[in-house]
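Side chains are part of it too, since the values below use all heavy atoms of this structure and drop only hydrogens, waters and symmetry mates. Note that ligands are numbered from 1 as they come in the structure, with each ligand's atoms numbered from 1 the same way.
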Amino acid sequence: MAAHRPVFLGIWGVFVLALIQESKPVVWEEWWTYDGISGPAFWGLINPEWSLCNKGRRQSPVNLEPQRLLFDPNLQTLHVDKHKIGGVLTNTGHSVVFTVDNDTRQPVNISGGPLSYRYQFHEIHLHYGLDDKHGSEHTVDGYSFPAEIQIFGFNSHLYNNFSDALHRAQGIVAVSLLLQVGDLSNPELRVFTEHLDKITYGGQSMPIKRFGVKELLPETTHYMTYDGSTTMPACHETTTWIIFNKPIYITKQQLKGLRELKQGDKRHPKAPLGNNFRLPQPLHHRPVRTNIDFSTDANKGPKNCPTMNRDIYYKAGSKGVIITEKTE
Ligand SMILES: *[C@@H]1O[C@H](CO)[C@@H](O)[C@H](O)[C@H]1NC(C)=O
Ligand SMILES: *[C@@H]1O[C@H](CO)[C@@H](O)[C@H](O)[C@H]1NC(C)=O
Ligand SMILES: *[C@@H]1O[C@H](CO)[C@@H](O)[C@H](O)[C@H]1NC(C)=O
């Protein structure tokens with residue numbers, strides 16, 4: 001694409017400049033942003049190892065279209081171990097990330113749901129908007145939530161660690177929670193938000209002694225699932241996504257605290273951290289399956305949930321896939 005060429009060269013120009021200015025080596029992993037010439041549209045161009053970000057056809061996030069969901073009666077309830085675990089909360093400049101201590105004796109396992117393997121909880125990423133109108137990466141029927149929490153695990157049946165599993169078949173699970181503004185926060189979310197002043201600047205981190213990932217989950221067994229990618233470079237298409245059908249809640253104050261974080265370090269604070277989301281990617285005929293049986297569960301759940309309300313739906317049955325009309 002000839003139109004991209006000047007921009008492509010421009011990026012290299014900036015990159016070379018960065019090399020000259022910084023005596024320490026540039027870390028590829030950090031050299032991308034959510035806007036401008038190193039933003040999502042260019043991720044696949046600025047590093048050959050990230051080409052899937054532009055060429056891939058099984059990318060994430062996606063817009064979840066209720067009328068296209070496929071009810072799959074084989075889907076199990078997702079299992080997440082209950083016990084709490086220690087880790088570190090970091091402002092990476094791209095996101096707020098919780099990473100499980102690498103010497104954990106008793107890992108928190110994630111299994112069941114659509115998963116054929118056992119996964120080991122490794123990391124949580126927070127995506128949020130600088131205002132309430134957007135922030136989530138996944139959208140539901142075009143609707144953006146003010147934030148999204150993504151819980152990552154690696155396939156511990158097949159692989160040794162997260163970084164290895166990232167580019168391996170069936171390597172990663174990502175459990176996604178959509179966040180809605182409410183008067184009362186999810187209690188476990190407060191563990192992250194009560195000390196945000198300690199990670200104001202990019203690169204800062206703080207230890208967290210006990211975090212219960214299970215307690216972060218909404219009270220529902222219903223979810224949607226599809227095969228996709230990580231939503232940051234290198235966009236590896238190794239991720240099984242599981243998106244719960246009910247939001248968890250975050251307060252206005254907590255969102256304000258998140259929006260006060262900075263991308264850069266103390267001397268170069270740069271822009272506020274936020275609006276760190278990639279836009280929905282084309283599904284390219286991938287199925288999005290659900291364990292919500294609309295024939296029995298229609299219309300349940302409070303307002304502002306990702307709603308599954310619709311007039312026509314598809315249902316898998318013994319006679320194949322049939323189209324059913326909902327009767328009120
Ligand atoms: C855990 O991480 C620390 C700091 O990054 C590192 O020094 C240590 O070797 C790691 N331990 C294991 C068991 O990987
Ligand atoms: C979690 O998985 C590990 C292997 O990765 C296993 O040793 C451990 O027993 C599992 N924990 C529980 C609570 O089942
Ligand atoms: C992850 O596992 C791979 C393959 O076993 C190994 O080569 C690599 O050193 C491991 N990385 C870390 C950070 O432990």
Side-chain angles (χ1 to χ4, degrees), residues 24-32 47-52 74-125 149-177 187-188 191 199 202-221 223 225 227-242 244 291:
K24 61 185 175 183
V26 171
V27 184
W28 273 118
E29 278 64 39
E30 292 172 2
W31 217 80
W32 54 273
N47 181 344
E49 285 179 18
W50 302 344
S51 65
L52 273 176
N74 300 306
L75 291 171
Q76 309 291 302
T77 300
L78 187 72
H79 173 84
V80 178
D81 282 349
K82 260 195 212 135
H83 61 272
K84 300 204 173 195
I85 200 163
V88 174
L89 192 70
T90 306
N91 173 346
T92 64
H94 290 129
S95 182
V96 175
V97 174
F98 172 79
T99 309
V100 172
D101 284 336
N102 61 3
D103 56 358
T104 297
R105 289 235 175 77
Q106 218 190 354
V108 168
N109 297 333
I110 302 171
S111 58
L115 306 170
S116 309
Y117 298 95
R118 181 188 59 233
Y119 290 72
Q120 182 175 322
F121 168 46
H122 176 74
E123 206 162 84
I124 289 180
H125 291 208
I149 287 181
Q150 297 169 352
I151 301 160
F152 291 94
F154 70 93
N155 184 332
S156 56
H157 255 132
L158 299 183
Y159 311 119
N160 286 337
N161 56 52
F162 188 75
S163 51
D164 188 34
L166 264 176
H167 51 91
R168 306 285 200 130
Q170 304 295 321
I172 302 294
V173 65
V175 179
S176 170
L177 314 177
E188 208 62 17
V191 176
I199 56 163
Q204 289 186 319
S205 54
M206 59 167 292
I208 292 197
K209 278 215 180 90
R210 284 160 53 78
F211 179 77
V213 65
K214 170 100 178 181
E215 279 151 70
L216 201 59
L217 307 184
E219 276 180 32
T220 180
T221 55
Y223 60 81
T225 182
D227 292 336
S229 70
T230 55
T231 61
M232 308 182 316
C235 308
H236 293 299
E237 294 180 337
T238 52
T239 309
T240 303
W241 282 92
I242 301 170
F244 275 109
N291 63 347

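- Residues Ile199 and Leu89 are in side-chain contact: their nearest non-hydrogen atoms beyond the backbone lie under 4.5 Å apart.
- When the options Asp164, Asn161, Leu166 are ranked by their closest heavy atom to atom 8 (C) of ligand 3, first place goes to Asn161.
- A tilted orientation is assigned to the rings of Phe121 and Phe211, their planes being inclined by 30° to 60°.
- There is a protein heavy atom closer than 4.0 angstrom to atom 5 (O) of ligand 2.
- By the 30° and 60° cut-offs, the orientation of the rings of His94 relative to Trp32 is parallel.
- Close contacts of ligand 3 with Asn160, meaning ligand atoms under 4.0 Å from a residue heavy atom, involve 2 (O), 4 (C), 5 (O).
- In this structure, atom 13 (C) of ligand 2 lies nearest to the protein heavy atom Asp81 OD2, 3.4 Å.
- For atom 11 (N) of ligand 2, the protein comes within 4.0 Å by at least one heavy atom.
- Taking every non-hydrogen atom of Ser156 and a distance limit under 4.0 Å, the qualifying atoms of ligand 2 come out as 5 (O).
- Gln76 places a side-chain N or O within 3.5 Å of a backbone atom of Asn74 that can act as its donor or acceptor partner.
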Given the rule in the side chain to side chain contact (heavy atoms under 4.5 Å, CB included) test, do Val97 and Phe152 qualify, once you have shown the distances and angles that lead to the verdict?
CA-CA 11 Å; Val97 174; Phe152 291 94; over 6 Å; no
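- Numbered from 1 in the order shown, with element, the atoms of ligand 2 that lie under 4.0 Å from a heavy atom of Asn109 read 1 (C), 2 (O), 3 (C), 8 (C), 10 (C), 11 (N), 12 (C), 14 (O).
- In Arg118, the part holding a heavy atom less than 4.0 Å from any atom of ligand 2 is the side chain.
- Although no hydrogens or angles enter the test, the distance criterion places no donor-acceptor pair under 3.5 Å between the side chain of Asp164 and the main chain of Tyr159.
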